[in-house]
S.K.: 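Pasting a structure below so you can have a look.
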Amino acid sequence: MVSSIPMASKLPVVVIVGRPNVGKSTFFNRVVRKRLAVVEDTPGITRDRLYAEAEWNGRKFQVVDTGGIVFQEEDPLADQIRVQANIALEEADIVLFLADATSGVTPDDIDLANRLRGIKKPLLVVVNKADHPKRDDFAVEFYSLGLGEVVPVSGLHGRGVADLLDMIVEMLPEASEPDEDQKEEIRVAIVGRPNVGKSSLINAFTGEQRMIVSNIAGTTRDAIDTVLEYKGETFRLVDTAGIRRRGKIQGTVEYYMVDRAQKAIDRADCALIVIDGSEGLTDGDKRVMKLAHDSGKACVFAVNKWDTKEPPDGQPRKASLLKKDFLKIIENETPEIAYATASFTSATESAGLEPVLEEIMKAVEAYNFRVATGQLNRLISDAVFARPYTTKGRALKIYYATQVAARPPTFVLFVNDPELLHFSYERYLANKIREAFPLAGTPIRIRAKSSHNKKE
């Protein structure tokens, strides 16, 4: 049974709302002291709700950035943005209504204020872009909204933010005590080319409309965290923007989308590579696979939209001929990532979800695996005896082998001459290691060093 865990189950939640382009993401980044939200001088950059942890004066709390809210908008995603904001408001302990000092009170501000008037949560009107004291006078106009305290700040320059945080900390409810027995999370970056169903998959896992889902490619722009629990393990799933070919990255928004995806992989234990099963393997999928493989993380494939190929009959684990053919194509066209395991899913039918999480758990266990030195040396010795390697009249001699790291498993071979270890023989030894130990789902690294440097 998969269960969703609210991201703020331990910490109070501060939610930022406001119309588009008032600087919510800049302010969010300032408060959490990280550049997490994509910032661009274009309305509508943030669409999903984005969570991060902040700390001030020794108090920790969750901050939630939401998409710009407007109530008369032809954007096909406007309704979903409002839904996302409403979900965030339900979770909120404190609401920050962000406005723009330079534009004054607008009809959209008034509409949003009217919607917030009945909310039974502590609320502050934060007037952003008050970059110098003269603009503090502009903030007075916002008292006309009738929402209470008005605080001028500059998210860009940090002016007034410390005073605001002092006020927020005073208003925060007490946080519940952390669970000392809580296990470490399994961090999973969900990656793939645009529109393969990454956000739909997270929504299926959590059973709620956690992400904005649309057939418009590029709907997700930031890396978004969702936490869920399965079989006693806690998973932090990070949905990322679809990764495009470099030549198709247009402007800074696209650049930061790809940058966020790369950073999500860097901080993950496992990359869940989502493929559109209805379209088959594409060049875009191969680029994503290479990115994940080069990162050195555990890797699992989720072949999504499989209900378009076979009916979601409750047998996602059954290895049908069609599934075997699909996996064979992946193996033949991307042999460098043949270690990755795969599950077949349908986000729309919520089919095959548990097998995905089980494959992730196995892959992460392999990613952390360590081999006893004695076992490893016996295995390498047997492999060399069964198939010795000679090139240009010189035999490769392996005197000693040891695992020097996990995450991923990394092995060093002390040899007579590192130049003699050809990549084909390295692959042979890697396959022998995989045959002997449970390393499906993780890359492994093999390095050769001269036996003369063994003591270094």
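It should be emphasised that the depicted structure is a prediction, and the values quoted were computed from it without experimental measurement.
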S.K.: Measuring from Phe205:CZ to Phe235:CZ, what's the distance to the nearest 0.5 Å?
M.R.: 8.5 Å
S.K.: For Glu233, does its backbone N or O pair with a side-chain atom of Glu185 as donor and acceptor, under 3.5 Å?
M.R.: no
S.K.: How long is the straight-line distance from CG of Leu124 back to CG of Leu98, given to the nearest 0.5 Å?
M.R.: 11.0 Å
S.K.: Looking at Gly23, is its backbone amide N or carbonyl O close enough to the side chain of Lys129 to form a donor-acceptor pair, meaning the two atoms are under 3.5 Å apart?
M.R.: no
S.K.: For a quick check under 3.5 Å, do Glu310 and Ser320 share a side-chain donor-acceptor pair by atom type?
M.R.: yes
S.K.: Do the non-hydrogen side-chain atoms of Ile275 and Phe326 ever get within less than 4.5 Å of each other?
M.R.: yes
S.K.: Treating Asn304 as the side-chain partner and Val274 as the backbone partner, does any N or O pair qualify as donor plus acceptor under 3.5 Å?
M.R.: no
S.K.: Could you check whether atom CD of Glu365 has more than 12 heavy atoms from other residues, nucleotides or ligands sitting under 6.0 Å from it?
M.R.: no
S.K.: Output the distance between atom CG (Asn29) and atom NZ (Lys24), rounded to the nearest 0.5 Å.
M.R.: 12.5 Å
S.K.: Taking all non-hydrogen atoms of both residues into account, name the closest pair between Phe369 and Ala406 and its distance.
M.R.: O-CB, 3.9 Å
S.K.: Of all the heavy-atom pairs spanning Phe142 and Ala101, show the shortest one and how long it is.
M.R.: CE1-CA, 4.5 Å
S.K.: Determine whether a donor-acceptor pair (N or O, by modelled atom type, separation under 3.5 Å) exists between the side chain of Asp109 and the backbone of Val105.
M.R.: no
S.K.: Would you say Lys121's side chain and Ala92's backbone share a donor-acceptor pair under 3.5 angstrom?
M.R.: yes
S.K.: Heavy atoms, side chains only, cut-off 4.5 Å: are Val14 and Leu172 in contact?
M.R.: yes
S.K.: Thr402: what forms a side-chain hydrogen bond (donor to acceptor under 3.5 Å, both in side chains) with it, not counting sequence neighbours?
M.R.: none
S.K.: Below 4.5 Å, heavy atoms only, C-beta onward: do Ile360 and Ile186 meet side chain to side chain?
M.R.: yes
S.K.: Let's go through Ile446 and Val412 carefully: what are the C-alpha distance in whole Å and the side-chain angles of both, what is the deciding distance for side-chain contact (heavy atoms from CB on, under 4.5 Å) to 0.1 Å, and is it a yes or a no?
M.R.: CA-CA 6 Å; Ile446 295 179; Val412 170; over 6 Å; no
S.K.: Mark yes or no for whether Arg30, through its side chain, and Leu156, through its backbone, hold a donor-acceptor pair below 3.5 Å.
M.R.: yes
S.K.: Please give me the minimum heavy-atom distance between Asp100 and Val127, naming the atom from each residue.
M.R.: C-CG1, 4.2 Å
S.K.: With the threshold set at 4.0 Å, does a side-chain nitrogen-carboxylate oxygen contact exist between Arg193 and Asp285?
M.R.: yes
S.K.: Counting only N and O atoms by type, is there a donor-acceptor contact under 3.5 Å from the side chain of Asp131 to the main-chain atoms of Ser154?
M.R.: no
S.K.: Between the side chains of Lys231 and Glu358, is the shortest nitrogen-to-carboxylate-oxygen separation below 4.0 Å, so that they form an ion pair?
M.R.: yes
S.K.: When you compare the side chains of Asp276 and Ser278, does any donor N or O come within less than 3.5 Å of an acceptor on the partner?
M.R.: yes
S.K.: State whether Asp269 and Arg407 are salt-bridged, where the test is any N-O pair (Lys NZ or Arg NE/NH1/NH2 against Asp/Glu carboxylate O) under 4.0 Å.
M.R.: yes
S.K.: If every non-hydrogen atom of Val191 is compared with every non-hydrogen atom of Ala271, which pair is closest and at what distance?
M.R.: CG2-CB, 4.4 Å
S.K.: Is there a donor-acceptor pair under 3.5 Å between the side chain of Glu349 and the backbone N or O of Ala351?
M.R.: no
S.K.: Rounded to the nearest 0.5 Å, what separation is found between the NZ atom of Lys324 and the CD1 atom of Ile329?
M.R.: 15.0 Å
S.K.: Evaluate side-chain contact (heavy atoms from CB on, under 4.5 Å) for Met289 paired with Ile330, printing each intermediate quantity in order.
M.R.: CA-CA 10 Å; Met289 291 177 189; Ile330 294 177; 4.3 Å; yes
S.K.: Is it the case that the side chain of Thr442 and the backbone of Leu439 share a donor-acceptor pair, with hydrogens and angles ignored and the cut-off at 3.5 Å?
M.R.: no
S.K.: Could you measure the distance from the OG1 atom of Thr410 to the CD1 atom of Ile444? Nearest 0.5 Å is fine.
M.R.: 9.0 Å
S.K.: More than 12 heavy atoms of other residues, nucleotides or ligands under 6.0 Å from CZ of Arg117: is that the case?
M.R.: yes
S.K.: For residues 155-166, which residue pairs qualify under side chain to side chain donor-acceptor pair (under 3.5 Å), counting only residues two or more places apart or in two chains?
M.R.: Trp56-Asp166, Asn57-Asp166, Asp136-Arg159
S.K.: Is it true that the side chains of Glu359 and Thr341 contain a donor and an acceptor less than 3.5 Å apart?
M.R.: yes
S.K.: Indicate yes or no for a side-chain donor-acceptor contact from Thr345 to the backbone of Ala347 under 3.5 Å, with no hydrogens or angles considered.
M.R.: no
S.K.: At what distance, to the nearest 0.5 angstrom, does CG of Asp307 lie from CZ of Phe344?
M.R.: 13.0 Å
